[in-house]
Protein chains: 2
Amino acid sequence: MNEIFKALADPTRREILRVLREQERSAGELSDLFPLAKSTLSGHFNVLKAADLIIQDKRGTTITYCLNTSVFEDVVAHLFDFFAPRETPKETI
Amino acid sequence: MNEIFKALADPTRREILRVLREQERSAGELSDLFPLAKSTLSGHFNVLKAADLIIQDKRGTTITYCLNTSVFEDVVAHLFDFFAPRETPKETI
DNA sequence: TTGGTATTTCGCCAATTACCGAAATACTAG
DNA sequence: CTAGTATTTCGGTAATTGGCGAAATACCAA
């Protein structure tokens, strides 16, 4: 979970996730949307992959990334770790 | 919102929030719970304060910190920015 | 005012991070 | 195999970050 929060700390990576929320895109398409070097974007993809926030799909020389929404609940659950009211434990009964 | 995600990126700060979720505590009490220099903890409090994640209450020489749960919904809402299914826009109608 | 306690600020350091351009890798049509 | 495209890896840099100890600040009882 630390990886996820670390990944979300960077605004560019959050923007990448926002874009992928609309639809999956190739590395090239993503790089066209950001004023950054392709190598930089590649590094960001690695961080997001390591955090399981995106999924990579290789087709020939093209790599497509899509959002991994299944981690969403995990993130929210962990947010409850420090944001939920103290009465939460009882309410779960 | 960038401040919040930046604040949440550090495990120590997340732990601080977890502790404050149980109950508010003074800077000294918090520092007793972490194997870190008081100055380091003070730095962490500053980050959390800047992100509006905690609220500071001064009483004499004692400073008490408590969790600011009102930002929780904001955080979750922003999580929807990149995690919500693409159908969300319609469902909000 | 002094001394003691509570806490923050400051200066320094090592590690990490985001960014870049060049080089390398992966793939494929011709 | 070659050339071209797609993408990543690599090495370098500047900025940021988390940690520390010392100094400074804030407060208050005596």
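Below, chains carry the letters A, B, ... as their sequence lines are ordered, and counting in each starts from 1.
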## Note on the structure
T62(B) has its side chain closest, among dT8(C), dA6(C), dC20(C), to dA6(C)
### Task
Send over the distance from D32(A) CG to dT7(D) C1', rounded to a whole Å.
13 Å
### Message
Expressed as a whole number of angstroms, how long is the span from I54(B):CD1 to dT8(C):C1'?
### Response
13 Å
### Under-4.0 Å side-chain N/O to phosphate OP1/OP2 contact, T61(B) with dA6(C)
no
### Query
For the side chain of K38(A), counting heavy atoms from C-beta on, which of dT9(D), dT8(C), dT7(D) is nearest?
dT7(D)
### Protein-nucleotide distance (D57(B), atom CG; dT8(C), atom C1'), rounded to Å
17 Å
### Task
Would you please confirm or rule out a distance under 4.0 Å between OP1 or OP2 of dT9(C) and any side-chain N or O of N46(B)?
yes
### Query
Going through the distances and angles, do Y65(B) and I16(B) end up as a side chain to side chain contact (heavy atoms under 4.5 Å, CB included)?
CA-CA 10 Å; Y65(B) 293 101; I16(B) 290 174; over 6 Å; no
### Task
Establish, with yes or no, whether the OP1 or OP2 oxygen of dT8(D) is under 4.0 angstrom from a side-chain nitrogen or oxygen of Y65(A).
yes
### Check: dG18(D) base within 3.5 Å donor-acceptor of T40(B) side chain
no
### Query
Please give, in whole Å, the distance from dC28(D) P to I63(B) CD1?
12 Å
### Summary
Testing dT8(C), dT17(D), dT9(D) for proximity to the side chain of K6(B), the answer is dT17(D)
## Note on the structure
Heavy-atom nearest nucleotide on DNA chain D taken for A9(B) and for K49(A); more 5' hit belongs to K49(A)
## Note on the structure
Which of dT8(D), dT8(C), dT9(C) is nearest the side chain of F45(A)? It is dT8(D)
### Task
Look at the side chain of S42(A) and decide which nucleotide, out of dA18(C), dT9(D), dT9(C), has an atom nearest to it.
dT9(D)
### Summary
From the candidates dT8(C), dG19(D), dT8(D), the one with an atom nearest any side-chain atom of L36(B) is dG19(D)
### Message
Closer than 4.0 angstrom, basic N to acidic O: yes or no for K6(A) and E3(A)?
### Response
no
### Task
Rounded off to whole Å, could you give me the CD1-to-P distance for the I16(B) and dG18(D) pair?
11 Å
### Message
Can you tell me which nucleotide in dT8(C), dG19(D), dT9(D) comes closest to the side chain of H44(B)?
### Response
dG19(D)
### Task
Name the residue closer to the 5' end of DNA chain C, choosing between G60(A) and P35(A) according to the nucleotide with the nearest heavy atom.
P35(A)
### Validation row: L20(A), R25(A) side chains within 4.5 angstrom (heavy atoms)
yes
### Task
Determine the contact category for S31(B): base if any of its heavy atoms lies under 4.0 Å from a base atom, sugar-phosphate if only primed atoms, P, OP1 or OP2 are that close, otherwise nothing.
nothing
#### Entry: Separation of atom CZ in F5(A) from atom P in dT17(D), rounded to whole Å
18 Å
### Task
Name the closest nucleotide to the T12(A) side chain, picking from dC19(C), dT7(D), dA22(D).
dC19(C)
### Query
Linking I/L/V/M/F/W/Y whenever any side-chain heavy atoms sit under 4.5 Å apart, do L33(B) and L48(B) land together?
yes
List the atom pairs, with distances to 0.1 Å, where a side-chain N or O of residues 50-58 of chain A and a protein N or O form a donor-acceptor pair under 3.5 Å, not counting sequence neighbours.
{"residue": "Q56(A)", "atom": "OE1", "partner": "K49(A)", "partner atom": "NZ", "Å": "2.6"}
{"residue": "D57(A)", "atom": "OD2", "partner": "R59(A)", "partner atom": "NE", "Å": "3.1"}
{"residue": "D57(A)", "atom": "OD2", "partner": "R59(A)", "partner atom": "NH2", "Å": "2.9"}

### Nearest to side-chain heavy atoms of R13(A), which nucleotide of dA18(C), dC20(D), dT8(D)
dA18(C)
### Query
Rounded to whole angstrom units, what separation is found between the CZ atom of R25(A) and the C1' atom of dT7(D)?
18 Å
### Task
Grab the NZ-P distance between K58(B) and dA26(D) for me, whole Å please.
8 Å
#### Entry: V47(A) reachable from L17(A) in the ILVMFWY side-chain graph, under 4.5 Å edges
no
